[in-house]
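Counting starts at 1 for both ligands and their atoms, following the listed order. Excluded from the calculations below are hydrogen atoms, water molecules and symmetry mates; all remaining heavy atoms, backbone and side chain alike, are included.
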Amino acid sequence: MNAIEVKPDIYWVGAIDWPVRDFHGYVTPNGTTYNNFLILDDKITLIDSVKEDFAIEMFGRIRSVIDPRRIEVFVINHIEQDHGGSAEKVVKMLPDVQIYTTERGKKGLERHYDITGWNIKTVKTGEEVRIGKKTLMFIETPMLHWPDSMMTYVKEDRLLISQDAFGQHNATSARFDDEFVACASISELEDSVIDYYANILMPFSALIKAKIAEIQKLGLEIDMIAPDHGIIWRKEPKKVVNMYLNMANGKTSQRVLIVYDTMWHSTELLIGPIMDGIMAEGVDVEVIKLRATPMSVAIKEFWKSRAMLVGTPTLNNIMFPTVAEFLTHLRGLRPKNRMVGAFGSFGWGGGAVKEAYEEFKRMGLEIVEPGVEVNYRPKSEDNKRCYEFGREFAKRVIEYHKKFD
Ligand code: FEO
C-alpha cells in the first residue's frame with residue numbers, strides 16, 4: 001500500500017475503512033477513511049495516527065516512502081481512538097519521538113495509555129515548530145471535536161491539517177475533492193459534508209463560527225484543507241469553509257421534514273392531508289419513518305430542513321419509543337434555528353403529542369402549537385383539521401425562513 005503525495009514532501013499515509021457501517025452508532029453507508037500525514041524534512045514528522053486496527057496499513061504506507069523508525073516528531077491533533085488509536089504503537093516503535101499535543105490532549109493520552117517516558121510537549125494556539133524547511137503552527141480547536149482537539153498548519157505549503165473539521169465519511173480511492181467529483185458528483189460530496197456536520201458538529205456551531213473567524217484573523221493563507229476523514233480539499237477549500245459558515249449561521253432549505261412512527265397506521269394516515277396542506281403553500285416535504293431509517297440519516301434530513309413535524313402514536317400515555325429515542329438524541333445535538341410541531345393518534349388517554357412539545361421546549365426550538373391529535377382512526381373532519389394544520393404550519397415556516405435570508 002502506497003503513500004500519496006499531497007504537497008511536495010508531504011504524504012497521505014492513512015487508511016481506508018471500506019466496510020465500516022456503524023461508526024459509534026452513526027451509520028456510514030460509504031465507509032470512511034482515517035487520514036494522517038507524513039512530512040519529509042530534516043526532522044521527519046508524522047501528523048496523527050489511525051484507528052488501531054489499521055496500524056499495519058498506516059505503517060505500510062509510511063514504509064513505501066521511508067523507514068518509519070526515522071520519524072522524529074509525532075503531532076497528535078486529536079486523541080479520539082479513530083485517530084489516536086495507534087499512538088501507543090507509534091511510540092513503542094519510536095520511544096524517543098517528540099510528541100506535540102495540547103494540554104488536554106496530554107491529559108486524554110494519560111487516560112488511554114501508560115505514557116510514562118513519553119516525550120510530550122504541550123502547545124497552544126500560535127506556537128510554531130520548525131522541522132527543517134517547513135514550519136508547523138498549531139491552532140487549538142477545543143470541542144471541534146473533543147476538548148483536546150487542535151489543527152496543524154504547515155506554513156510554507158499553506159496546508160491546514162484540520163482533523164475532524166471539514167471531514168466526511170467517504171471510503172474512496174479518490175483522495176482529493178476534484179478526483180471524487182470526477183467519479184461521483186458534487187452533490188454527493190456536499191451531502192456527505194452535511195451528514196458529518198449534522199451528526200458530529202451540530203452542537204458546536206457557535207464554536208465553529210468563532211474558530212473560522214479566529215483563523216481568518218490569523219491571516220493564514222490556505223490553499224489546501226486536509227481533514228482526518230474523507231477527501232482532501234485541494235481544488236475548492238473555500239467551498240467547505242463556506243458550507244460550514246452557512247450551516248453555523250442557520251442556513252438550510254425551506255423544507256418540512258415529517259418524522260414519524262406508527263402502530264396501526266393511524267398516525268401514518270395523518271401524514272397525507274398534512275402534507276397536502278404544506279404543499280398547497282408551496283413548501284417542499286420530506287417524510288421519514290423512524291423504524292425504517294437509521295438515526296443518523298434522520299438527523300441529517302432534519303438538518304437539511306427548516307422545519308420538522310413529528311408524528312407519534314401514544315403508547316402507555318407517552319411517545320412511541322422510536323420517536324422518544326430520536327428526540328432525545330436530537331436534544332443532545334443542541335439544534336437551533338428550526339421550527340417544529342407534532343401530531344399523532346391515540347386510543348384512550350393520549351399524551352404523546354404533549355410530550356413531544358415538552359421535548360421541543362427543552363430544546364428551545366421555534367414551536368407551532370397546538371399540534372393535531374386524533375382519536376383512533378382519522379375521519380374526514382380529522383383530515384380537514386390535518387390539512388389546515390399543514391397549511392398554517394407552512395405559512396409559519398415561510399415567515400420564519402425569511403429570518404435566515
Ligand atoms: Fe474522527 Fe473526533 O474523531
Cation-pi check for Y11 against R61: NZ or CZ below 6.0 Å from the six-membered ring centre and within 45 degrees of the axis, yes or no?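 Verdict for Y11: no cation-pi partner in R61.
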Is the positively charged end of R338 above the ring of W303, judged by distance under 6.0 angstrom from the centroid and angle within 45° of the axis? yes
Parallel under 30°, tilted from 30 to 60°, perpendicular over 60°: which one fits the rings of H83 and Y34? perpendicular
How about Y376 and W264: are their ring centroids closer than 6.0 Å? no
With Y26 as reference, evaluate H169, H229, H329 under the ring pair (Phe, Tyr, Trp, His ring centres under 6.0 Å) test and give the passing residue.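 Answer to the ring pair (Phe, Tyr, Trp, His ring centres under 6.0 Å) test with Y26 among H169, H229, H329: H169.
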Residue among F204, W233, Y197 satisfying ring pair (Phe, Tyr, Trp, His ring centres under 6.0 Å) with Y244: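 When F204, W233, Y197 are each tested with Y244, the ring pair (Phe, Tyr, Trp, His ring centres under 6.0 Å) holds only for Y197.
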Output the atom name for the N/O/S atom of H229 with the smallest distance to atom 1 (Fe) of ligand 1.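 In H229, the N, O or S atom with the shortest distance to atom 1 (Fe) of ligand 1 is NE2.
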Around atom 2 (Fe) of ligand 1, list the protein N/O/S atoms within a radius below 2.8 Å, excluding water molecules. H78 NE2, E80 OE1, H145 ND1, D164 OD2
